[in-house]
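A short worksheet on the structure shown next.
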Amino acid sequence: MRTAIFPGSFDPFTVGHYDVLESALQLFDKVIIAVGYNSQKQGFFPPQTRIKIIRQAVAGLDNVEVCAYSGLTIDLCRDLGVKHIIRGLRTTTDFELESVIAQANKKMAPDISTTFIPACQEYSFISSTVVRDILIHKGDAGQFLPKGVEIGKFLAEREK
Ligand code: ADP
C-alpha cells in the first residue's frame with residue numbers, strides 16, 4: 001500500500017489544501033494529513049480544533065487519516081513507516097522554499113521523497129493566512145473552506 005504524509009499547519013484547512021489532498025489520493029492509496037504544531041507558537045486554532053475541522057472536511061473521503069505532530073516531518077515519516085511527503089505549490093516562491101526543504105530532507109533521509117502537487121489555478125491565491133484574516137474580521141470565508149466545515153462552531157469555541 002502506497003501511503004503519503006501531507007504535512008502542514010492547516011490553520012485552518014482550506015479548499016486549496018482539499019484540492020491537493022484529492023490529487024494526492026490519485027497517486028497514493030492512503031494519505032495521512034499531519035497537523036504540525038509548535039508548542040512555543042500559538043496558532044489561530046489549537047491543533048485539536050484544526051484536526052476536527054479537517055475531519056469534517058474529509059468526511060466523504062476514504063483512505064484519509066489525520067494526526068498532529070511536532071518536530072521534524074522526516075521523524076514522523078520514520079515513526080509511521082511512510083516514505084512519501086506531499087506538499088502543494090502555489091507560486092514560484094513556494095517552489096523555492098519547498099525545494100530547499102525537500103533537498104534538506106532528502107539529505108537527512110534518502111529513503112523519503114517529496115512529491116509536489118501544483119495548486120489548481122482557481123485556488124492558487126488561497127492561503128490559511130487569508131482565511132484567518134477574513135475570520136478575524138468577521139467576514140464570510142465559506143467559499144474558501146471545504147464543504148461540511150462548521151467554522152462558526154469552531155470560532156465560537158475559540159472565543160469561549
Ligand atoms: P505550512 O505552514 O507547512 O506551509 P500550510 O498549512 O500553509 O502549512 O500549507 C500546507 C501545504 O499546503 C503546503 O505545501 C502549502 O504550499 C500547500 N498549500 C496551501 N495552500 C494551498 C493552495 N491554495 N493550493 C495548493 N497548495 C496549497
Side-chain angles (χ1 to χ4, degrees), residues 3-28 30-58 61 63-77 79-80 82-106 108-109 112-136 139-149 151 154-155 158:
T3 302
I5 285 175
F6 179 22
S9 312
F10 304 117
D11 191 17
F13 196 77
T14 69
V15 283
H17 295 130
Y18 188 89
D19 182 66
V20 170
L21 172 68
E22 278 190 314
S23 300
L25 286 168
Q26 306 285 317
L27 302 171
F28 295 94
K30 180 167 137 189
V31 175
I32 302 170
I33 303 173
V35 176
Y37 66 92
N38 177 346
S39 48
Q40 311 295 311
K41 216 170 79 184
Q42 221 196 330
F44 182 67
F45 288 112
Q48 284 314 316
T49 303
R50 293 184 227 165
I51 288 181
K52 285 187 202 162
I53 292 171
I54 297 170
R55 291 224 165 98
Q56 285 191 337
V58 305
L61 297 174
N63 308 323
V64 178
E65 282 179 20
V66 193
C67 70
Y69 78 108
S70 61
L72 295 178
T73 306
I74 51 166
D75 289 338
L76 176 73
C77 289
D79 288 347
L80 300 179
V82 173
K83 296 201 179 304
H84 301 278
I85 297 171
I86 300 284
R87 293 287 286 174
L89 294 181
R90 286 160 292 189
T91 57
T92 52
T93 313
D94 267 359
F95 174 76
E96 279 167 19
L97 294 169
E98 295 292 339
S99 59
V100 167
I101 297 167
Q103 282 161 14
N105 282 342
K106 192 82 195 162
M108 293 187 288
I112 297 171
S113 62
T114 302
T115 300
F116 291 130
I117 295 185
C120 70
Q121 202 192 12
E122 197 185 342
Y123 298 145
S124 62
F125 69 95
I126 298 170
S127 64
S128 296
T129 309
V130 166
V131 171
R132 279 198 306 272
D133 274 349
I134 297 170
L135 296 177
I136 287 166
D140 179 3
Q143 62 177 313
F144 306 130
L145 294 164
K147 284 193 198 76
V149 172
I151 203 70
F154 298 114
L155 284 170
R158 190 182 163 268

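The first residue of the sequence shown is numbered 1, and numbering continues consecutively from there. First listed ligand is number 1; within each ligand, the first listed atom is number 1.
Here Thr114 contributes atom OG1 and Asn105 contributes atom CG; the two are 5.5 Å apart, rounded to the nearest 0.5 Å. Rounded to the nearest 0.5 angstrom, Ile86 CD1 and Thr115 OG1 are separated by 5.0 Å.
Of the candidates Ser9, Ser127, Gly88, Gly43, the one placing a heavy atom closest to atom 16 (O) of ligand 1 is Gly88. When the heavy atoms of Asp11, Ile126, Leu97, Ile117 are ranked by distance to atom 23 (N) of ligand 1, first place goes to Ile126.
Those atoms of ligand 1 that come under 4.0 Å of a heavy atom in Asp94, given as number and element, are 16 (O). Counting atoms of ligand 1 from 1 in the listed order, those under 4.0 Å from a heavy atom of Tyr123 are 22 (C), 23 (N). Less than 4.0 angstrom separates some heavy atom of Phe6 from each of these atoms of ligand 1: 11 (C), 12 (O).
Among the atoms of Arg87, some N or O lies under 3.5 angstrom from an N or O of ligand 1. Looking at ligand 1, you'll find an N or O of Phe10 within less than 3.5 Å of one of its N or O atoms. At under 3.5 Å, not a single nitrogen or oxygen of Ser128, backbone or side chain, sits near a nitrogen or oxygen of ligand 1.
Residue contacts with ligand 1 leave out Phe13, since none of its heavy atoms falls under 4.0 Å from the ligand. Using a 4.0 Å heavy-atom cutoff, Val20 is listed among the residues neighbouring ligand 1.
The nearest protein atom to atom 9 (O) of ligand 1, hydrogens excluded, is given as His17 NE2, 3.3 Å; this is a heavy-atom distance. Annotation: atom 24 (N) of ligand 1 to nearest protein heavy atom, Ala119 CB, 3.3 Å. Atom 20 (N) of ligand 1 has Arg90 NH1, 3.3 Å as its closest protein atom, hydrogens excluded (heavy atom only).
Side-chain atoms of Arg87 come within 3.5 Å of backbone N or O of Pro7 as a donor-acceptor pair. Here the side chain of Ser128 pairs a donor or acceptor atom with the backbone of Pro12 at under 3.5 angstrom. When atom types are taken as modelled, the side chain of Arg50 and the backbone of Asp11 share no donor-acceptor pair closer than 3.5 angstrom.
Contact annotation: the side chain of Phe144 never approaches that of Leu135 to less than 4.5 Å [non-hydrogen atoms, C-beta and beyond]. Residues Thr49 and Arg158 form no side-chain contact, since every pair of their non-hydrogen atoms from C-beta on lies 4.5 Å or further apart. Proximity of Lys147 to Tyr18: side-chain heavy atoms (C-beta onward) are nowhere separated by under 4.5 Å. Within the 4.5 Å cutoff, side-chain heavy atoms of Ile136 are placed close to those of Phe44.
In Phe125, neither the side chain nor the backbone holds a heavy atom less than 4.0 Å from any atom of ligand 1.
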